[in-house]
Amino acid sequence: MDLTVKTLEGKDAGKVSLKDEIFGLEPREDILARMVRYQLAAKRQGSHKVKGRSEVSLTGAKMYKQKGTGNARHHAKRAPQFRGGGVAHGPVVRDHAHDLPKKVRALALKHALSTKAKSEDLIIIDDLVAKEAKTKALLSQFSGLGLDNALIIGGAEVDGNFKLAARNIPNIDVLPVQGINVYDILRRGKLVLSKSAVEALEERFK
C-alpha cells in the first residue's frame, strides 16, 4: 500500500510504502472490542467502597432477648436491614483489570491501524516539527490538512515546540510512538503518523 507523504504545510513530500500485514488487514470488530474493553478496565480506579456490617460503628450487642417479645429474632443493629447498618454485597476496593494475551493485543493494534487505512483516515507527515510553540500557527496548518479531530503519533520523542503548540487544541492528542494504543486510535477521527513512527511500527512488528 502506497500513501503520499505530506508536510505540515500541506505539500507533497514523496510516497511511503506501508506493509499490508500491518496496515492492510481486514478489520475485525471483535478483536478491537476486546482490546478497548481491556484498556478501559485497566484504567478504572476501583476505589469505590462501602462499609459492611463488620465495619460500621455500632454496638454488637443483641438488640433484645431471643424469645418472649413477639418480635422477629434479631442480633445486632449492624445488620443491613436496619438504619445505619452495614451494606449487604456493596462495592469493595478492587482491581478491574483482566488479562488479554500479548498476541491478541498486538493483533488489535494492527487491526486499528488497518481500520484507519481502509477508511482513508490515515495521514503520513514527513516531520512533526514546529519552529516555535505557537498554537495559532499550528492550528492554521491543521486546518489546511483537514485535522479537527486527530491522534498524532511522533517518533521516539515528540518535538517540544510541536507538543506545546498542540496541547491547547481541542480534540487533538499528541503521543510518542511508544504510547500508541487502540483506544486512542479509535476515539479520534484521523490518525496522523510521522515517517519515523511508521518505521518504528514496522520494526516493532517485524
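Since this is a predicted model, take the numbers as computed values, not measurements.
- Shown here are the side chain to side chain donor-acceptor pair (under 3.5 Å) partners of Lys62, two or more places apart in sequence or in another chain: Gln66.
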Under 3.5 Å, side-chain donor or acceptor atoms of residues 52-59 against the rest of the protein: list the pairs with distances, not counting sequence neighbours.
| residue | atom | partner | partner atom | Å |
| --- | --- | --- | --- | --- |
| Glu55 | OE1 | Lys49 | NZ | 3.1 |
| Glu55 | OE1 | Gly52 | N | 2.7 |
| Glu55 | OE2 | Lys49 | NZ | 3.2 |
| Thr59 | OG1 | Ala61 | N | 3.0 |

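- Applying the salt bridge (Lys or Arg N to Asp or Glu O under 4.0 Å) criterion to Lys6, with sequence neighbours excluded, gives Asp12.
- Remark: Ser143 engages no residue in a side chain to side chain donor-acceptor pair (under 3.5 Å) (not counting sequence neighbours).
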Q: Might you work through the side-chain contact (heavy atoms from CB on, under 4.5 Å) test for Ile180 and Leu175, ending with a clear yes or no?
A: CA-CA 7 Å; Ile180 192 170; Leu175 294 173; 5.9 Å; no
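- Under a 3.5 Å cut-off, the side chain of Ser17 and the backbone N or O of Asp2 do not form any donor-acceptor pair.
- Annotation for Ile152 and Leu128: closest pair CG2-CD1, 3.5 Å, computed over non-hydrogen atoms.
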Could you pull out all donor-acceptor pairs under 3.5 Å where a side-chain atom in residues 67-79 meets a protein atom, sequence neighbours excluded?
| residue | atom | partner | partner atom | Å |
| --- | --- | --- | --- | --- |
| Thr69 | OG1 | Asn71 | N | 3.2 |

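- With sequence neighbours excluded, the residues forming a side-chain contact (heavy atoms from CB on, under 4.5 Å) with His48 are Arg44, Pro91, His96, listed by chain and number.
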Q: Quick one: do Ile125 and Leu145 satisfy side-chain contact (heavy atoms from CB on, under 4.5 Å)? Show the steps, please.
A: CA-CA 10 Å; Ile125 297 292; Leu145 291 167; 3.9 Å; yes
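- Listed by chain and number, the residues in a salt bridge (Lys or Arg N to Asp or Glu O under 4.0 Å) with Arg37 amount to none (sequence neighbours excluded).
- The side chain to side chain donor-acceptor pair (under 3.5 Å) check on Asp126 picks up nothing, with sequence neighbours excluded.
- Within a 6.0 Å radius of CD in Gln178, other residues, nucleotides and ligands contribute more than 12 heavy atoms.
- More than 12 heavy atoms of other residues, nucleotides or ligands lie within 6.0 Å of NE2 in His98, so this atom counts as buried by the packing criterion.
- Smallest separation of non-hydrogen atoms from Ile31 and Val104: CG2-O, 4.2 Å.
- For the pair Ala156 and Pro176, the tightest heavy-atom approach, listed with the atom from each and the gap, is O-CB, 3.7 Å.
- Listed by first then second residue, pairs satisfying side chain to side chain donor-acceptor pair (under 3.5 Å) with a partner in residues 105-122 read Glu26-Lys118, Ser119-Asp121, Asp121-Lys190, not counting sequence neighbours.
- In this structure, Phe205 and Leu109 have side chains that are in contact, with non-hydrogen atoms separated by less than 4.5 Å.
- With sequence neighbours excluded, no residue satisfies salt bridge (Lys or Arg N to Asp or Glu O under 4.0 Å) with Lys131.
- Here Lys15 pairs with Thr4 under the side chain to side chain donor-acceptor pair (under 3.5 Å) rule; sequence neighbours left out.
- Judged as a ring-ring contact (aromatic ring centres under 6.0 Å, His included), not a single pair has a partner in residues 141-192 (not counting sequence neighbours).
- By the neighbour-count criterion of 12 heavy atoms within 6.0 Å, atom NZ of Lys134 is sparsely surrounded, having that number or fewer from other residues, nucleotides or ligands.
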